[in-house]
Amino acid sequence: MGFLSRLASLFGFKKNEANILVVGLDNSGKSTILNFLKQGDKNVPVDTVPTIGLNVEKMKAANIEITAFDMSGQGRYRPLWEQYYKECQGIIFVVDSSDKLRVVVARDELERMMKHPDLERRNVPVLFFANKMDKRDAVSSVKVSTLMGLNEVIHNKNWHIVASNAINGDGIDEGITWLADVMKSNMATKK
């Protein structure tokens with residue numbers, strides 16, 4: 001941290017900045033959601049390739065400068081998630097609502113995440129996108145919440161689940177607005 005940043009922080013002038021993790025199993029739609037958020041013309045399709053390791057995206061929501069760490073969901077890369085827990089102020093967990101079998105794997109990853117020492121006692125808000133609602137086999141966000149056991153797994157954190165379709169953006173703005181508002185509220189109580 002530079003001298004001016006430290007000085008501004010001491011006097012309460014630090015910018016509203018937040019780091020968020022975007023996690024979930026591979027092929028759940030994490031990168032597609034971020035692509036939807038960063039593209040200017042919402043009607044232009046964006047080709048999305050699977051994330052290897054992580055991608056970093058910057059955006060702004062509710063006057064908060066957000067740095068989003070788009071983490072790969074492939075099994076061999078999931079252990080990398082925990083290296084970013086300590087510095088995150090919010091989490092987006094994306095679930096493929098059309099793949100009921102893999103929701104069990106997603107729940108296991110969520111449980112492991114919530115028990116990690118860098119997250120366990122912190123009030124980091126978690127936004128769940130029950131994604132791919134456009135698919136024929138998709139289940140409702142309420143059913144995803146039940147399958148993921150959100151009421152049992154998450155104890156001391158604000159959480160919210162939104163039905164989404166990352167291709168056309170259904171639910172994305174609602175979810176991001178909720179997450180930004182909660183993070184902003186958390187920042188205000190820390191001042």
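Contact annotation: the side chain of Met183 approaches that of Pro125 to within less than 4.5 Å [non-hydrogen atoms, C-beta and beyond]. Residues Asn63 and Lys184 form a side-chain contact, since some pair of their non-hydrogen atoms from C-beta on lies under 4.5 Å apart. Taking 4.5 Å as the limit, every side-chain heavy atom of Ile64 sits out of range of all side-chain heavy atoms of Glu17. Using a 4.5 Å cut-off on side-chain heavy atoms (C-beta onward), Val105 and Arg78 make contact. Contact annotation: the side chain of Val94 never approaches that of Ser164 to less than 4.5 Å [non-hydrogen atoms, C-beta and beyond]. Contact of the Met187 side chain with the Asn16 side chain is registered, since non-hydrogen atoms from C-beta on lie closer than 4.5 Å. The side-chain heavy atoms of Ile91 and Val22, taken from C-beta on, include no pair separated by under 4.5 Å. Side chains of Trp178 and Leu127 form a contact here, defined as non-hydrogen atoms less than 4.5 Å apart.
Ring geometry for Trp159 against Phe128 counts as perpendicular: the plane angle is over 60°, on a 0 to 90° scale with 30° as the lower cut. A perpendicular orientation is assigned to the rings of Tyr85 and His116, their planes being inclined by more than 60° (bins at 30° and 60°).
Closest non-hydrogen pair, Met133 versus Ser97, comes out as CE-OG, 3.7 Å. When all heavy atoms of Gly175 and Val162 are compared, the closest pair comes out as CA-CG2, 3.9 Å. Taking both residues in full, the closest heavy atoms of Ile161 and Ser145 are given as CD1-N, 3.9 Å, listed atom of the first, atom of the second, then distance. In terms of heavy atoms, Thr32 sits closest to Ala166 at CG2-CB, 3.6 Å. The heavy-atom pair separating Ile167 from Phe36 by the smallest distance is O-CD1, 4.2 Å. The nearest pair of heavy atoms linking Asn123 to Lys157 is OD1-CA, 3.3 Å.
Checked by atom type and distance alone, the side chain of Thr177 pairs as donor or acceptor with a backbone atom of Asp173 at under 3.5 Å. Side-chain atoms of Arg122 come within 3.5 Å of backbone atoms of Asp118 as a donor-acceptor pair (strictly under, hydrogens ignored). Of the possible polar contacts, none joining the Gln89 side chain to the Ala18 backbone as a donor-acceptor pair under 3.5 Å is found. Judged by distance alone, the side chain of Asn165 and the main-chain N or O of Lys132 form no donor-acceptor pair under 3.5 Å.
Taking hydrophobic clusters as Ile, Leu, Val, Met, Phe, Trp and Tyr residues chained together by side-chain heavy-atom distances below 4.5 Å, Leu37 shares a cluster with Ile20. Note on Tyr84 and Leu110: same hydrophobic cluster, where clusters join Ile, Leu, Val, Met, Phe, Trp and Tyr whose side-chain heavy atoms are under 4.5 Å apart, directly or indirectly. Connection of Met114 to Val95 is established within a shared hydrophobic cluster, with ILVMFWY side chains joined at heavy-atom distances below 4.5 Å, either directly or through further cluster members. Two different hydrophobic clusters hold Val139 and Leu101 under the rule that ILVMFWY side chains link at heavy-atom gaps under 4.5 Å. Under the 4.5 Å side-chain heavy-atom criterion for ILVMFWY residues, a single connected hydrophobic cluster contains both Val124 and Leu80.
Arg102 has a carboxylate O that lies under 4.0 Å from a charged side-chain N of Asp26, or vice versa, which qualifies the two as a salt bridge. Ion pairing of Arg107 with Glu111 is present here, as a side-chain N (NZ or NE/NH1/NH2) and a carboxylate O approach within less than 4.0 Å. A salt bridge does not link Lys58 to Glu65: none of the charged side-chain nitrogens sits closer than 4.0 Å to a carboxylate oxygen.
Separating the CG atom in Asp170 from the CZ atom in Phe129 is a distance of 11.5 Å, to the nearest 0.5 Å. Rounding to the nearest 0.5 angstrom, the gap separating the CD1 atom in Ile176 from the CD1 atom in Ile66 is 6.5 Å. Taken to the nearest 0.5 Å, the CZ atom of Phe93 stands 9.0 Å off from the NZ atom of Lys30. Of the inter-residue distances, the one linking Gln74 atom CD with Asn27 atom CG reads 10.0 Å to the nearest 0.5 angstrom. The line from CG of Asp137 to NZ of Lys100 is 5.0 Å long, rounded to the nearest 0.5 Å. Rounding to the nearest 0.5 Å places CD1 of Ile92 at 11.0 Å from CG of Asn131.
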Exercise for the section: Step by step, work out the side-chain contact (heavy atoms from CB on, under 4.5 Å) result for Ser28 and Asp99. Expected result: CA-CA 9 Å; Ser28 59; Asp99 192 349; over 6 Å; no
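Applying the 6.0 Å contact sphere to NZ of Lys135 captures no more than 12 heavy atoms from other residues, nucleotides or ligands.
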